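Heads up: the structure comes next, in structure tokens.
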Amino acid sequence: GMIAKQMRRLGASVDWNRDVFTMDPALSRTVTEVFVRLYQEGLIYRGKRLVNWDPVLKTALSDLEVASAEEDGSLWHLRYPLSDGSGHLVVATTRPETMFGDAAVAVHPDDKRYQHLVGQKVRLPLTDRELPIIADEYVDPKFGSGCVKITPAHDFNDYEVGQRHGLPLLNIMTLDAALNDAVPPAYRGLDRLPARQKVIADLEALGLIERIEPHKLTVPRGDRSNAVLEPLLTDQWFVDIKPLAAPAIHAVEAGRIRFVPASYANVYFEWMNKIKDWCISRQLWWGHRIPAWYDADGKWYVGRSEAEVRAAHGIAAAAPLRQDDDVLDTWFSSALWPFSTQGWPQHTAALKAYYPTAVLVTGFDIIFFWVARMIMMGLKFTGEVPFRDVYIHGLIRDQDGQKMSKSKGNVIDPMDIVDGISLDALLDKRTTGLMQPQMKPAIEKATRKQFPEGIAPYGTDALRLCFAKLATQSRDLRFDMPRVAEYRNFCNKLWNAARFVLMNVEGHDATPQGAEFSLADRWIRSRLSDTLVRTEAGFTEYRFDNVANALYDFTWHEFCDWYVELAKAVLQSDSAGEAAKRGTRFTLIDTLEQLLRALHPLAPFITEEIWQRVKSLAGVGGQTIMHARYPSAADIPADSSAEPEMRWVMGFILGIRQIKGEMDIPMGRKLPVLVQNASAQDQEYLQRNLHYLTRMAGVEAPTPLRSGEAAPIAAVALLGNLEILVPMAGLIDPTAELDRLAKRHKKAEGDLAKLSAKLHNGQFVRNAPPEVVAKDQQRVAELRTEIAQLTAQTERVKKLIDP
RNA sequence: GCGCGCUUAGCUCAGCGGUAGAGCAUCACCUUGACAUGGUGGGGGUCAGUGGUUCGAUCCCACUAGCGCGCACCA
């Protein structure tokens with residue numbers, strides 16, 4: 001329920017009518033059906049096998065649920081006396097307590113030290129048993145003593161050796177991992193660890209311990225209980241997985257399923273090629289029960305129901321049948337999800353429509369648990385892959401790169417970012433119901449430090465935009481609250497931009513027919529077109545970070561920073577005609593409306609809210625933005641003349657702003673400006689865009705310097721060959737201006753030195769593509785002009801200081 | 001042991017053969033009629049190290065160092 005609520009609050013647009021639960025009757029029937037079919041084909045079998053046993057949860061686990069970690073232990077070298085009394089063999093072990101389950105001692109067949117002993121016997125200390133000495137390639141002669149005790153019922157490798165040599169399986173443990181009645185009375189009932197102490201002590205007393213050395217060993221623990229697992233011989237159900245894995249491997253090899261990023265296919269192949277049979281039975285009370293029934297003799301029958309079993313095997317109603325108490329591994333039913341949810345085994349319309357799906361979006365941590373098994377089961381039971389693309393996103397970690405977990409107390413509930421949470425409530429949330437209550441003070445301290453005032457409310461859109469931005473190809477994503485704030489601010493920016501647009505369009509004529517479109521109008525459309533090219537590419541490539549960036553940059557740095565400001569020059573001008581104002585109003589509302597649709601998948605709530613007020617003004621119909629078409633670059637041609645002219649306008653404005661900024665001249669202060677060296681195009685651009693330049697740069701109308709007229713002492717901005725002069729009298733500190741010039745001069749000289757060295761290299765000129773060489777040559781020419789201008793300017797300013 | 005990933009500005013991360021980018025942080029200026037959750041401008045990087053390929057390497061290759069992950073595992 002909580003997860004469903006989170007999904008709704010996060011604006012997931014899923015079909016809630018199809019909400020189902022794995023243990024719903026329909027899905028349970030699918031589970032049973034699959035089990036029965038696999039059993040009938042011989043792909044599910046039951047048997048006494050060595051499995052990973054969790055002695056705390058008292059259930060079998062699959063290999064995937066085992067988390068191994070290196071821990072410190074000891075390697076005990078034990079003396080096993082030879083039966084003929086001629087001495088002893090030394091075996092090395094990390095598990096001395098399992099000696100009661102030994103069935104042999106093994107040496108390598110080529111090991112000269114022990115070859116002569118193969119076939120003889122040793123006496124197992126503390127017991128009255130004798131063990132054969134066998135030869136097996138499994139033994140590494142260089143490790144330990146080169147002799148290994150073989151305990152087939154308590155070690156996976158020893159099990160294999162035992163199978164090869166026909167050794168007996170001696171189970172010495174109970175389900176609690178205590179020693180059972182198969183061991184000498186003195187050890188019975190002891191847990192394995194106390195038992196180990198006692199065995200060591202007793203062997204020591206008998207002088208049967210050669211030596212003990214410290215040893216690092218990998219200890220398998222249950223991923224839920226953290227208990228040390230025991231390989232234990234129990235009756236379990238297994239899936240014979242290789243016949244299912246082969247087609248699943250092929251489907252990915254053949255490209256019928258594509259992993260994104262592609263490197264995850266290797267992870268998949270690595271596991272699938274070495275896959276082992278899947279233990280699917282669990283000794284838990286929660287889950288799908290195994291559809292197998294036992295008669296009084298312990299013989300089992302698999303079927304869809306007890307009635308079917310009785311009918312199929314002619315078992316009288318009076319004869320007792322007992323259903324298997326075990327349940328299935330939860331991933332067994334999960335593996336069927338793509339088709340169990342669509343009504344399989346019936347050939348439903350839903351199955352036809354929604355299987356396979358286009359994409360599975362998931363985390364890398366469940367590629368084996370879930371993705372691989374869905375592929376195997378999907379292919380097996382429908383003959384088709386369950387999905388075409390597997391998009392693997394990274395795992396959100398905390399600000400220190402730690403995986404979020406309840407026990408670490410570093411979990412952040414997305415709802416607490418959306419709604420905000422007080423420190424007290426957050427502390428409460430993180431410290432109640434802890435498995436390890438002793439962690440509470442540390443968690444409290446860390447939480448207080450990180451969120452001294454709790455978490456502010458940021459809203460769903462900010463969180464979603466932030467996650468999109470974080471969705472790079474990397475597999476760990478550090479969560480960073482300032483990143484959410486960044487997008488909260490973005491939403492605020494968008495909101496205010498929309499206010500501006502509405503304020504200027506509501507109650508005015510914004511129809512495009514017969515309107516005049518300014519340079520800025522044409523330019524912003526062209527930029528929108530380019531932005532949509534980028535969002536389309538981002539969605540296609542599953543690069544949602546690129547989508548978020550493209551929309552962020554367009555909204556903030558093109559639409560707000562430039563276009564809205566340029567639009568003011570038209571809308572607030574007395575000289576601009578109605579047709580021009582109409583063109584700008586239309587472009588404002590139209591661009592905003594398309595931008596909202598472009599942003600909607602990432603920020604569903606704010607875009608809907610604004611769109612409802614914008615749509616009619618933009619002449620767009622529809623009930624909800626959710627059903628509006630995503631805007632397409634194909635509908636908006638790029639404008640190849642507006643872009644360069646606008647770049648010139650921006651260059652002009654930025655040049656003057658830089659002078660003002662560095663000289664600490666308030667932007668509001670109108671400055672007189674002269675231009676020099678203007679080309680025909682510069683003059684044309686200048687004339688056409690005076691209204692933009694004066695407003696955005698905060699200058700009076702720039703006047704061209706007449707030929708022959710002496711330039712006043714001025715700060716200079718360069719735009720190609722054009723020199724923009726800001727007279728310094730009374731405004732600019734000449735020393736500061738010299739610093740500024742020197743800085744730019746140094747940079748230009750550095751660039752020039754690098755480039756000319758490159759161009760003097762004959763190899764470069766001969767081998768590099770001509771356009772690269774031409775570009776560098778042009779750049780060198782520009783730099784030379786710039787340096788000449790800067791040098792001349794520096795001289796002029798110097799004279800001012802020291803005439 | 002096998003496989004994979006990472007190392008770019010103080011922080012979090014893009015870029016990945018042809019003049020180093022963003023956000024945050026930082027400094028200066030700005031109560032400008034959408035927005036101070038803001039505006040304008042600035043400072044800040046020998047792109048982990050070494051070698052190779054190339055006219056040219058942050059980008060490709062090899063090795064080294066550090067960090068991390070997965071799988072397997074020597075009793």
Side-chain angles (χ1 to χ4, degrees), chain A residues 63-64 68 70 75-76 91-95 98 106 138-140 142-151 155-158 161 215 217-218 220 261 263-264 266-267 269-271 274 364-365 367-368 395 399 401 456 458 462 466 469-470 472-483 485-504 543 545-546 549 552-553 557 560-561 564-565 568 572 654 657-669 698 740 743 750-751 754-755 758 761-769 771-773 775-776 779 783:
Chain A
D63 295 344
L64 284 178
S68 296
E70 194 170 77
L75 190 61
W76 284 275
V91 298
T93 181
T94 56
R95 301 286 314 270
T98 64
Y138 158 71
V139 180
D140 175 0
K142 290 191 286 295
F143 186 88
S145 62
C147 294
V148 190
K149 63 194 259 324
I150 300 298
T151 319
D155 181 280
F156 289 100
N157 286 308
D158 291 6
V161 175
H215 182 69
L217 72 164
T218 316
S263 59
Y264 283 109
N266 294 333
V267 177
F269 289 136
E270 207 202 330
W271 187 67
K274 292 192 296 193
F364 62 81
D365 49 336
I367 290 177
F368 306 141
L395 205 63
Q399 68 290 338
Y458 293 98
C466 175
K469 163 80 187 181
L470 290 174
T472 62
Q473 307 260 20
S474 93
R475 62 183 167 195
D476 294 321
L477 312 175
R478 263 179 217 237
F479 187 75
D480 197 27
M481 206 59 84
R483 267 271 148 83
E486 176 187 338
Y487 281 95
R488 186 263 325 259
N489 295 354
F490 173 80
C491 290
N492 184 58
K493 190 79 177 172
L494 177 69
W495 180 259
N496 283 301
R499 278 181 53 209
F500 172 82
V501 173
L502 289 168
M503 186 185 300
N504 282 283
R543 287 301 303 266
D545 56 327
N546 290 345
N549 280 330
Y552 183 100
D553 288 342
H557 298 306
C560 291
D561 285 355
V564 162
E565 295 307 319
K568 289 176 187 171
Q572 296 169 8
L654 290 171
R657 279 184 184 168
Q658 192 178 38
I659 292 173
K660 284 187 159 183
E662 291 189 35
M663 297 301 146
D664 289 345
I665 301 167
M667 221 39 79
R669 178 147 182 193
R740 196 179 74 89
K743 197 172 72 191
D751 288 355
K754 252 192 290 181
L755 277 175
K758 212 163 139 189
N761 180 347
Q763 300 270 41
F764 169 70
V765 180
R766 263 192 311 274
N767 293 320
E771 61 271 21
V772 171
V773 177
K775 201 176 137 202
D776 283 353
R779 181 74 188 128
L783 284 169

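Below, chains carry the letters A, B, ... as their sequence lines are ordered, and counting in each starts from 1. The shown structure was predicted, so the numbers you read here are calculated from the model rather than taken from an experiment. No hydrogens, no waters, no symmetry mates; every other heavy atom, side chains included, goes into these values.
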As its Watson-Crick or G-U partner within any shown strand, both distances under 3.5 Å, B:U53 has none

**Asked** Donor-acceptor pair, A:D480 side chain versus A:P482 backbone, under 3.5 Å?
**Response** no

Answer yes or no on whether A:K568 is positioned over the face of A:F500, meaning its NZ or CZ is under 6.0 Å from the six-membered ring centre and within 45° of the axis.
yes

Rounded to whole Å, NE2 of A:H215 lies from P of B:C73 at a distance of 14 Å

Looking at side-chain heavy atoms only, is the closest gap between A:L217 and A:L75 below 4.5 Å? no

- Query: If you measure from the C1' atom in B:A25 to the same atom in B:U12, how many Å do you get, rounded?
  - Reply: 11 Å

When rounded to the nearest 0.5 Å, the distance separating CZ of A:R779 from CG of A:D751 is 6.0 Å

Notebook entry, point to check: Looking at A:S474, does any N or O in its side chain come under 4.0 Å of the phosphate oxygens OP1/OP2 on B:A14?
Noted result: yes

Side-chain contact check for A:L64: nearest option of B:G18, B:C71, B:A75 is B:C71

Rounding to 0.5 Å, atoms OH (A:Y552) and CG (A:N489) come to a distance of 7.5 Å

* Asked: B:C55 and B:A48: how far apart are their P atoms, nearest whole angstrom?
  -> 25 Å

B:U12 OP1/OP2 closer than 4.0 Å to side-chain N/O of A:R478:
yes

Is there a side-chain polar atom (N or O) of A:K493 under 4.0 Å from OP1 or OP2 of B:G39?
yes

Closest of B:C35, B:C71, B:C55 to the A:R499 side chain is B:C35

Of A:F490 and A:N266, the one whose nearest nucleotide on RNA chain B sits closer to the 5' end is A:N266

Here the distance between atom C1' of B:A72 and atom CD of A:E270, to the nearest Å, is 9 Å

Which whole number of Å gives the distance between the C1' atom of B:U46 and that of B:C69? 31 Å

Notebook entry, point to check: If you look at every strand shown and take non-hydrogen atoms under 4.0 Å, does A:V564 touch a base, only sugar-phosphate, or nothing?
Noted result: base

Give A:C491 one of three labels, base, sugar-phosphate or nothing, depending on what nucleic acid heavy atoms sit under 4.0 Å from its own.
nothing

When both distances are under 3.5 Å in a Watson-Crick or G-U wobble arrangement, the nucleotide paired with B:U7 is B:A65

If pairing means Watson-Crick or G-U wobble with both distances under 3.5 Å, then the partner of B:U46 is none

Exercise for the section: Tell me whether the OP1 or OP2 atom of B:C13 has a side-chain N or O from A:T472 closer than 4.0 Å. Expected result: no

A correct 5'-to-3' footprint of nucleotides 19-31 of chain B, with B, S and - meaning base, sugar-phosphate only and no protein heavy atom under 4.0 Å, is B--BS----SS--

| message | We want to know whether A:D561 and A:H557 form a side-chain donor-acceptor pair, criterion being a heavy-atom distance below 3.5 angstrom. | response | yes

Hey, are the side chains of A:F764 and A:V772 touching, using non-hydrogen atoms and a 4.5 Å cut-off?
yes

Any A:W271 side-chain heavy atom under 4.5 Å of A:L64 side chain:
yes

A:L395 atom CG is separated from B:G5 atom C1', nearest whole Å, by 14 Å

- request: Would you indicate what A:R657 reaches in the nucleic acid, counting non-hydrogen atoms under 4.0 angstrom: base, sugar-phosphate, or nothing?
  value: sugar-phosphate

Query - Between B:G18 and B:U26 - P atom distance, rounded Å - result: 34 Å

NA contact type, A:R740, heavy-atom cut-off 4.0 Å: base, sugar-phosphate, or nothing?
nothing

Requested in this report: Using a heavy-atom cut-off of under 4.0 Å over every strand shown, decide if A:F368 touches base, sugar-phosphate, or nothing.
Outcome: sugar-phosphate

Answer for the Watson-Crick or wobble partner of B:A14, both distances under 3.5 Å, is none

If the C1' atom of B:C61 is compared with that of B:U54, how far apart are they to the nearest Å? 12 Å

Side-chain contact check for A:M503: nearest option of B:C35, B:A34, B:C55 is B:A34

inquiry  = Between B:C60 and B:G66, how far apart are the two C1' atoms, rounded to whole Å?
reply    = 23 Å

Scanning all shown strands, the Watson-Crick or wobble mate of B:G1 with both distances under 3.5 Å is B:C71

### Message
Closer than 3.5 angstrom, by distance alone: can the side chain of A:K660 be matched with the main-chain N or O of A:M667 as a donor-acceptor pair?
### Response
yes

What does A:S68 touch in the nucleic acid at a heavy-atom separation under 4.0 angstrom: a base, only the sugar-phosphate, or nothing? base

_Under 4.0 Å, counting only non-hydrogen atoms across every strand here, what does A:T94 touch: a base, just sugar-phosphate, or nothing?_
sugar-phosphate

Whole-Å distance, A:E771 CD to B:C55 C1', equals 14 Å

*Decide yes or no for A:R478 and A:R483: does some side-chain heavy atom of the first lie under 4.5 Å from some side-chain heavy atom of the second?*
no

Whole-Å distance, A:Y138 OH to B:A72 P, equals 16 Å

For this session: Give one of base, sugar-phosphate or nothing for A:V772, where a contact means two heavy atoms less than 4.0 Å apart.
Result: base

Q: Look at A:R766 and B:G56 and indicate whether a side-chain polar atom (N or O) is within less than 4.0 Å of OP1 or OP2.
A: no

In whole angstroms, the gap separating P of B:C71 from CD of A:E70 amounts to 16 Å

Quiz prompt | A:N767 side chain near B:C55 phosphate (N/O to OP1/OP2, under 4.0 Å) | solution = yes

**Message:** So A:L395 and A:D365, do their side chains get closer than 4.5 Å, heavy atoms only?
**Reply:** yes

| Sugar-phosphate, base or nothing in reach of A:I367, heavy atoms under 4.0 Å | nothing

Rounded to whole Å, CG of A:L477 lies from P of B:C69 at a distance of 15 Å

Which of B:C55, B:C35, B:A14 is nearest the side chain of A:R543? It is B:A14

Between CZ of A:F156 and P of B:C71 the distance, given in whole Å, is 15 Å

- Query: Got A:M481 and A:Q399 here, is their nearest side-chain heavy-atom distance under 4.5 Å?
  - Reply: no

For B:G42 and B:C47, measure between their C1' atoms and round to the nearest Å.
23 Å

Sugar-phosphate, base or nothing in reach of A:E565, heavy atoms under 4.0 Å: base

For A:N492, the side-chain hydrogen bond (donor to acceptor under 3.5 Å, both in side chains) test, sequence neighbours excluded, returns A:N496

Can you find a pair of side-chain heavy atoms, one from A:R475 and one from A:Y264, that are under 4.5 Å apart? yes

Between the protein and nucleotides 42-44 of chain B, which nitrogen or oxygen pairs are less than 3.5 angstrom apart?
residue : atom : partner : partner atom : Å
B:G42   : OP1  : A:Q658  : NE2          : 2.7

Quiz item: Touch check for A:V139, heavy atoms < 4.0 angstrom, all strands: base, sugar-phosphate only, or nothing?
Solution: base

